Amino acid sequence: EDNDKNMISADGFSKCEATLQDRSRRRPPAEMLHLLSAVIVWLVTGTTISSLNKWIFAVYNFRYPLLLSALHMLTAIVVDYGLIKLRVIRHRGVGEQDLTPSAKCKVFLLSLTFCASIAFGNMGLNYVQLSFAQMIYTTTPLFTLAISTLILGKQHHFLKYTAMMPICLGASFSIMGEVQFDQTGCFFVFAATMLRGVKSIQQS
């Protein structure tokens with residue numbers, strides 16, 4: 001019995017240690033509610049921002065997508081600052097806030113990729129329909145897999161690539177059947193999609 005209790009699991013931890021780790025991973029209800037509300041807000045804002053941008057371009061004939069992207073970033077800064085001041089977003093310990101130069105560089109590159117993806121997306125919406133852009137955006141997982149394989153040398157299961165086939169076919173049919181097809185807008189939207197894939201890799 002003692003030997004069974006002290007048995008080492010395949011990942012190098014004892015059963016007792018693994019149980020303690022599983023318990024420590026469980027989040028309290030308040031933290032889960034906070035996380036769930038954040039995800040819901042992210043989904044709602046993410047699905048409406050493209051529609052609002054296209055509405056501004058189409059209704060008001062607004063022809064400054066880069067300015068709109070800059071206002072987007074400025075609004076994000078102001079809102080985040082307010083959330084921090086209101087303690088909606090809580091800081092951790094002082095020691096955990098300090099970032100190494102390497103980490104700061106990664107955060108800076110991630111922010112550049114994020115801003116560039118939004119800018120290219122807004123420029124693309126200036127030329128193409130929102131439905132067309134959203135169809136191309138669905139190929140983001142394919143760009144993520146391809147970039148991680150070509151640049152990082154990661155190997156993925158073939159089922160992942162198989163799952164991308166219906167998405168790629170749908171995007172191809174959407175491009176061929178688009179009445180108001182524009183090469184410039186298509187280029188901008190594909191550039192935004194590629195940057196989204198890069199951003200996913202940087203975040204992981």
Side-chain angles (χ1 to χ4, degrees), residues 32-90 106-148 164 166-168 170-175 177-204:
M32 286 297 298
L33 181 61
H34 185 271
L35 179 62
L36 181 62
S37 61
V39 171
I40 293 175
V41 171
W42 175 73
L43 288 174
V44 172
T45 54
T47 53
T48 56
I49 189 170
S50 296
S51 300
L52 290 174
N53 289 342
K54 185 61 179 179
W55 177 71
I56 293 173
F57 293 143
V59 176
Y60 295 99
N61 197 25
F62 190 79
R63 291 294 177 253
Y64 304 98
L66 293 180
L67 175 61
L68 187 63
S69 302
L71 293 175
H72 180 176
M73 294 295 101
L74 181 62
T75 303
I77 293 173
V78 172
V79 172
D80 288 343
Y81 182 79
L83 292 176
I84 293 174
K85 284 297 183 181
L86 294 174
R87 298 185 183 277
V88 177
I89 300 176
R90 294 183 295 272
K106 292 179 180 179
V107 172
F108 177 72
L109 292 176
L110 176 61
S111 64
L112 286 181
T113 305
F114 178 69
C115 294
S117 65
I118 292 179
F120 276 112
N122 287 339
M123 287 190 293
L125 288 177
N126 218 2
Y127 295 92
V128 300
Q129 294 295 322
L130 177 61
S131 58
F132 176 77
Q134 291 292 342
M135 189 62 215
I136 296 180
Y137 288 155
T138 58
T139 61
T140 301
L142 178 64
F143 279 92
T144 305
L145 291 177
I147 294 173
S148 63
M164 295 296 104
I167 299 177
C168 294
S172 301
F173 293 152
S174 176
I175 293 174
E178 179 62 28
V179 178
Q180 300 179 358
F181 178 79
D182 187 274
Q183 290 184 351
T184 304
C186 185
F187 168 78
F188 286 143
V189 174
F190 268 112
T193 306
M194 184 192 68
L195 289 172
R196 286 186 176 194
V198 175
K199 180 169 67 72
S200 299
I201 296 174
Q202 289 176 313
Q203 289 175 324
S204 61

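Computed from a predicted model, the values in this text were never measured in an experiment.
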Heavy-atom pair with the smallest gap, counting every atom of [X] and [Y]:
{"X": "Val128", "Y": "Cys186", "value": "CG1-N, 4.0 Å"}
{"X": "Pro65", "Y": "Asn126", "value": "CD-ND2, 3.7 Å"}
{"X": "Met123", "Y": "Leu66", "value": "SD-CD2, 4.0 Å"}
{"X": "Gly185", "Y": "Asp182", "value": "N-OD1, 2.9 Å"}
{"X": "Ser50", "Y": "Leu125", "value": "O-CD1, 3.9 Å"}

**OP:** Report the relative orientation of the aromatic rings in Phe187 and Phe120; use parallel for angles under 30°, tilted for 30 to 60°, perpendicular for over 60°.
**Re:** perpendicular
**OP:** Pick out which of Thr140, Ile147, Leu142 makes a side-chain contact (heavy atoms from CB on, under 4.5 Å) with Thr144.
**Re:** Thr140
So, taking the atom named [atom1] in [X] and the one named [atom2] in [Y], what distance separates them when rounded to the nearest 0.5 Å?
{"X": "Tyr137", "Y": "Ser117", "atom1": "OH", "atom2": "OG", "value": "8.5 Å"}
{"X": "Asn61", "Y": "Ile56", "atom1": "CG", "atom2": "CD1", "value": "12.5 Å"}
{"X": "Leu130", "Y": "Asn53", "atom1": "CG", "atom2": "CG", "value": "9.0 Å"}
{"X": "Lys106", "Y": "Ser111", "atom1": "NZ", "atom2": "OG", "value": "14.5 Å"}
{"X": "Ser69", "Y": "Leu74", "atom1": "OG", "atom2": "CG", "value": "12.5 Å"}
{"X": "Ile77", "Y": "His72", "atom1": "CD1", "atom2": "NE2", "value": "10.5 Å"}

Do [X] and [Y] have side chains that approach each other closer than 4.5 Å (heavy atoms only, starting at C-beta)?
{"X": "Tyr127", "Y": "Gln183", "value": "no"}
{"X": "Asn122", "Y": "Ile118", "value": "yes"}
{"X": "Arg63", "Y": "Phe57", "value": "yes"}
{"X": "Thr113", "Y": "Arg196", "value": "no"}
{"X": "Phe143", "Y": "Ser200", "value": "no"}

Original post:
Sub-3.5 Å donor-acceptor pair from the side chain of Lys199 to the main-chain atoms of Leu112, do we have one?
Top reply: no
Original post:
Are Phe114 and Gln202 close enough, and set up right, to give a side-chain contact (heavy atoms from CB on, under 4.5 Å), and what steps lead you there?
Top reply: CA-CA 10 Å; Phe114 178 69; Gln202 289 176 313; over 6 Å; no
**OP:** May I ask you to check whether over 12 heavy atoms, not counting those of Gln203, lie within 6.0 Å of atom CD?
**Re:**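 More than 12 within 6.0 Å, yes.
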Original post:
So, do Phe188 and Phe190 have ring centers that fall under 6.0 Å from each other?
Top reply: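 Here the rings of Phe190 and Phe188 have centres that are no less than 6.0 Å from each other.
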